[in-house]
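Step one of this worksheet: look at the structure below.
One-based numbering along the sequence shown.
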Amino acid sequence: MAYVVDDVATFRADAAWGARDLTEVDGATVRLHWTDRPYKWHVNDGPEAFVVLSGEVDMLYRQDGEERRVRLKPSDIFVAEVGDEHVAHPIGEARILVIERKGSV
């Protein structure tokens, strides 16, 4: 059944990185996250698309043995492939759409 998610701007989870499951596509989840705290360094077991909907997020990632940082703003997308170590640090509150393999960290 089709539906509209019309509360993205006001969505707030009970805890940092809490999420609302929106749908599943061929084993990948599409989830709306709310957070005001950093996540943890991790490596996904599949690709991940990380779309900032509101707020700003510093995405830290390691590439060629170096730690790098990029500031993501609304409508920016960070794509992590298998094996990419990364961590998200929101600047205040952020709402993020994450598409990744079901059960991924």
Side-chain angles (χ1 to χ4, degrees):
M1 176 184 299
Y3 64 96
V4 173
V5 179
D6 61 358
D7 65 341
V8 171
T10 58
F11 171 71
R12 185 177 173 103
D14 294 334
W17 293 103
R20 179 188 299 159
D21 293 331
L22 300 178
T23 194
E24 190 175 318
V25 180
D26 294 332
T29 58
V30 179
R31 304 177 82 206
L32 173 61
H33 287 266
W34 171 88
T35 190
D36 62 351
R37 304 209 187 281
Y39 197 59
K40 60 185 176 185
W41 280 98
H42 65 285
V43 176
N44 295 75
D45 60 357
E48 172 186 344
F50 184 100
V51 184
V52 176
L53 301 174
S54 70
E56 294 184 352
V57 177
D58 279 348
M59 182 64 75
L60 288 73
Y61 60 102
R62 294 194 175 115
Q63 190 171 51
D64 301 324
E66 273 187 45
E67 188 173 299
R68 300 175 188 221
R69 175 186 305 253
V70 63
R71 171 83 38 104
L72 303 172
K73 297 182 178 179
S75 79
D76 288 343
I77 302 171
F78 178 82
V79 177
E81 297 295 342
V82 174
D84 290 340
E85 190 174 13
H86 58 287
V87 61
H89 286 247
I91 310 303
E93 287 190 10
R95 288 164 182 86
I96 302 147
L97 188 71
V98 177
I99 304 156
E100 63 188 349
R101 178 178 289 163
K102 184 175 183 175
S104 194
V105 177

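Taken together through direct or relayed side-chain contacts under 4.5 Å among Ile, Leu, Val, Met, Phe, Trp and Tyr, Val82 and Val25 form parts of separate hydrophobic clusters. Under the 4.5 Å side-chain heavy-atom criterion for grouping Ile, Leu, Val, Met, Phe, Trp and Tyr, Met59 is not connected to Val43 through any hydrophobic cluster. Note on Ile77: it clusters hydrophobically with Leu32, by side-chain heavy-atom contacts below 4.5 Å among ILVMFWY residues. The hydrophobic cluster containing Val30 also contains Leu53, counting ILVMFWY residues as joined when their side-chain heavy atoms lie under 4.5 angstrom apart, directly or transitively.
Residue Arg20 places its CZ atom among more than 12 non-hydrogen atoms of other residues, nucleotides or ligands, all under 6.0 Å distant.
Smallest separation of non-hydrogen atoms from Thr35 and Ala16: OG1-CB, 3.5 Å. Contact between Tyr3 and Thr23 at its shortest, heavy atoms only, is OH-N, 4.3 Å. Of all heavy-atom pairs spanning Ala88 and Val57, the tightest one is CB-CG1, 3.8 Å. The minimum heavy-atom distance between Ala13 and Ala19, with the atom names listed, is CB-N, 4.4 Å. Here the closest heavy-atom approach between residue Pro74 and residue Gly55 is recorded as CD-O, 3.2 Å. Residue Ala94 comes nearest to Pro90 through the heavy atom pair CB-CB, 4.1 Å, listed as atom of the first residue, atom of the second, then distance.
Checked by atom type and distance alone, the side chain of Arg62 never pairs as donor or acceptor with a backbone atom of Glu85 at under 3.5 Å. Between the side chain of His89 and the backbone N or O of Tyr39 there is no donor-acceptor pair closer than 3.5 Å. The backbone N or O of Glu56 sits nowhere less than 3.5 Å from a side-chain atom of Arg71 that would complete a donor-acceptor pair. At least one donor-acceptor pair closer than 3.5 Å links the side chain of His33 to the backbone N or O of Trp17.
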- request: Kindly indicate, with the supporting measurements, whether the criterion side-chain contact (heavy atoms from CB on, under 4.5 Å) is fulfilled by Asp84 and Asn44.
  value: CA-CA 7 Å; Asp84 290 340; Asn44 295 75; over 6 Å; no
task: Given side-chain contact (heavy atoms from CB on, under 4.5 Å), test Leu22 with Leu97 step by step and report yes or no.
output: CA-CA 10 Å; Leu22 300 178; Leu97 188 71; 3.7 Å; yes
query: Could you go step by step and tell me if Leu72 and Ile96 meet the side-chain contact (heavy atoms from CB on, under 4.5 Å) rule?
result: CA-CA 11 Å; Leu72 303 172; Ile96 302 147; over 6 Å; no
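Ring geometry for Tyr61 versus Phe78: interplanar angle of 30 to 60°, hence tilted.
The CZ atom of Arg12 sits 7.5 Å away from the CZ atom of Arg95 when rounded to the nearest 0.5 Å.
Annotation: side chain of His42 is in contact with side chain of His86 (closest heavy-atom distance under 4.5 Å). Val52 has its side chain out of reach of Ser75: every pair of non-hydrogen atoms, C-beta onward, lies at least 4.5 Å apart. With a 4.5 Å cut-off on side-chain heavy atoms, Glu100 and Thr29 count as touching.
Judged by distance alone, the side chains of Trp34 and Glu93 do bring a donor and an acceptor atom under 3.5 Å apart.
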